[in-house]
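Remember, it's 1-based here, ligands and their atoms both numbered in the order they're listed. FYI, the numbering just counts along the sequence from 1. Note that the coordinates shown come from a computational prediction; the quantities given were computed from them, not determined experimentally.
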Amino acid sequence: APPWLALREARHQAYEAESDQVQRYALDVLRRMDGTTQQVNKAFRALEQSRLAPCSPASLDLMRQIDLGSSYLQAVGYVRDDAIVCSSMGGAPLALGKGAFESSTGFIFYPNVPGNLPGQPPLMAARRGQLAALVHRDLPIDAWTDTPGVSLGVLHGEERRVWIARGPIDPAWLAHLGQGDTVTFADPGHVVSVLRSRQSQFIAVAAAPIAELDRRSADIARRMVPAGAIGGLIVALAILLLARRQLSMEGALRNALRRDEFFVCYQPIVRLQTGEWVGAEALVRWRRADGTLVGPDLFIPVAEQSKLVTRITERVLRLVARDAGHFLSTHPAFHVALNLAAEDIHSTDIVGHLRTMLARCGALPSNLIVEITERGFLDLESARDTIGALRGNAIEVAIDDFGTGYPSLSYLESLDLDFLKIDRSFIEAIGTDAPISLVVGHIIAMARSMGLRMIAEGIESEAQADFLRERGVEYAQGFLFGRPMPFAELMQRFKEREHAALVRMAGAGAGP
Ligand SMILES: Nc1nc2c(ncn2[C@@H]2O[C@H](COP(=O)(O)O[C@H]3[C@@H](O)[C@H](n4cnc5c(=O)[nH]c(N)nc54)O[C@@H]3COP(=O)(O)O)[C@@H](O)[C@H]2O)c(=O)[nH]1
């Protein structure tokens with residue numbers, strides 16, 4: 001074919017492929033939005049039908065059960081005087097602020113509800129009557145994309161303004177939808193797909209920069225037209241592409257690694273019988289260039305999908321060595337617990353990285369505990385090899401978030417583990433009438449029968465600590481003892497506690 005015809009055909013094929021891509025992105029956003037809407041409606045229906053008194057212990061139990069069973073909801077609660085006065089999340093009342101918009105279906109939306117955890121990004125609340133549900137504000141647009149610079153957004157059909165967005169979204173694009181449910185088109189800057197929800201008034205939008213279409217056209221054309229004829233075109237397009245590149249979450253994570261935007265907080269782990277601080281869990285945090293903090297529950301799943309998680313783990317090891325190396329080298333009984341992702345477990349490099357880290361800071365294997373979630377055991381053979389290698393190097397291993405993932409218990413017996421971390425969801429139920437409250441007793445009995453030491457996580461009250469202490473759980477972690485904090489603060493508080501213990505011992509030695 002003559003080059004101009006081939007170029008035209010290449011453009012056509014590229015447009016088809018790009019349209020498919022943005023439609024898939026928009027569909028993903030819509031599914032997340034619809035999933036959230038369904039879970040909010042279901043939660044409200046269950047609470048309304050229960051006829052339980054708002055904020056009574058029984059209604060709190062029900063809210064926690066709803067919360068545990070809802071993958072998209074952060075919490076459900078009751079509203080009085082424009083504040084969530086009790087919720088499945090617990091903690092202090094949350095002021096809702098001013099409602100941004102009331103829909104004709106009776107929902108009021110609050111886009112900026114501050115969470116009650118330090119560094120937590122604001123949440124979005126949907127309220128109907130005296131019920132409210134909290135969700136991560138960016139949840140619908142936190143979809144994985146591999147097109148550079150793609151924009152994702154959610155608009156409300158009545159309001160016709162952008163509700164949440166990642167990248168630029170032009171509300172004028174809605175006009176292309178007319179009365180239909182779906183439309184895909186190209187404007188001078190973007191290839192755009194708009195999808196209307198059949199369940200709610202929300203509209204999902206995805207848009208890829210036209211530069212992406214140019215790049216795709218060039219790729220296809222290169223295969224159709226002799227290289228020399230379009231070489232110049234490709235170079236020009238590549239420059240255009242770089243100039244226009246906007247960042248997807250994956251791109252942003254790559255930049256974050258390059259720009260060193262990660263840091264680590266440390267949450268104390270205590271010996272329950274004595275209250276002594278015996279270690280700390282290293283928890284990664286991301287501070288973006290604009291100063292916003294992103295929690296690992298948002299970016300670790302994206303890092304796992306995009307195979308960046310092993311690079312983040314390596315960065316965490318370096319940061320822990322920098323922060324804690326000296327202290328660990330002089331305190332062999334103190335440990336840092338590190339979270340490893342499934343991909344780390346299935347890579348042969350991880351044991352080497354940990355040994356290098358220990359050698360670099362002069363610390364001992366006893367200074368480390370490796371935490372592996374149940375997801376890490378899906379490939380049982382390779383998990384067994386890595387655990388064997390870790391323990392062969394005297395590094396102890398804990399199973400994290402126990403009870404929340406892998407459905408079978410028999411695998412546990414086949415693994416050579418040291419610790420079992422009892423998940424926060426079971427601790428929260430202690431002392432309540434929820435059926436799940438019985439589970440913690442079974443977990444303790446099972447761990448003991450398997451010779452595993454236990455670390456209970458998410459302890460927020462003395463009553464929970466007493467319950468676990470009485471049942472012989474050795475270690476605990478939770479806001480009751482200390483929230484995740486910078487290493488300097490951990491050290492300051494560790495030393496104050498050591499000093500207080502010495503003063504107490506001296507006082508006891510002095511006699512009456
Ligand atoms: N692969 C990696 N995963 C990591 C890393 N750092 C963290 N994570 C995982 O991200 C998840 C969320 O972690 P985070 O937001 O830091 O939350 C931790 C604690 O802040 C929270 N916690 C602890 N005590 C309490 C409490 O009393 N109440 C309450 N509401 N929350 C509490 O729990 C999280 C620790 O969980 P766990 O790891 O299961 O012990 C989390 O899954 C992290 O594992 C990383 O470097 N790599």
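- Residue contact check: Pro296 has heavy atoms under 4.0 Å from atoms 7 (C), 8 (N), 10 (O), 12 (C), 13 (O), 14 (P), 15 (O), 16 (O) of ligand 1.
- Residue contact check: Val316 has heavy atoms under 4.0 Å from atoms 46 (O) of ligand 1.
- Ion pair Glu261/Arg288 not flagged as a salt bridge, since none of the NZ, NE, NH1 or NH2 atoms sits closer than 4.0 Å to an Asp/Glu carboxylate oxygen.
- Here is the list of ligand 1 atoms found below 4.0 Å of a heavy atom in Glu460: 26 (C), 27 (O), 28 (N), 29 (C), 30 (N).
- When ring centroids are compared, Phe299 and Trp286 come within the 6.0 Å threshold.
- Residue Asp401 touches ligand 1 through its side chain alone, judged by heavy-atom distances below 4.0 Å.
- The closest approach between Gly458 and ligand 1 falls below 4.0 Å for a heavy atom of the residue.
- Residue Arg471 is tested with Leu272, Asp466, Ile444 for a side-chain contact (heavy atoms from CB on, under 4.5 Å); the sole match is Ile444.
- For Trp163 and Phe109, the ring centers are positioned less than 6.0 Å apart.
- Neither side chain, Thr373 nor Asp400, offers a donor N or O lying under 3.5 Å from an acceptor on the other.
- In this structure, Leu308 CG and Arg254 CZ are separated by 4.5 Å, a value rounded to the nearest 0.5 Å.
- By the 30° and 60° cut-offs, the orientation of the rings of Phe327 relative to Phe487 is perpendicular.
- Residues Arg287 and Thr292 bring no donor and acceptor atom of their side chains to less than 3.5 Å of each other.
- Not a single heavy atom of Met89 sits closer than 4.0 Å to an atom of ligand 1.
- Residue contact check: Lys421 has heavy atoms under 4.0 Å from atoms 40 (O) of ligand 1.
- Annotation for ligand 1: atoms under 4.0 Å from non-hydrogen atoms of Gly478 are 24 (N), 27 (O).
- Counting the atoms of ligand 1 from 1 in the order shown, those under 4.0 Å from a heavy atom of Arg424 are 28 (N), 29 (C), 30 (N), 31 (N), 32 (C).
- Any N or O atom pair closer than 3.5 Å counts here, and Phe479 shares at least one such pair with ligand 1.
- The atoms of ligand 1 that sit less than 4.0 Å from any heavy atom of Asp400 are 37 (P), 38 (O), 39 (O), 40 (O).
- One option in Gln267, Arg315, Glu371, Gln477 has a heavy atom closer to atom 19 (C) of ligand 1 than any other, and that option is Gln267.
- Of the candidates Leu480, Ile427, Val284, Ile459, it is Val284 that places a heavy atom closest to atom 45 (C) of ligand 1.
- If you check the side chains of Thr145 and Arg166, you find a donor sitting under 3.5 Å from an acceptor.
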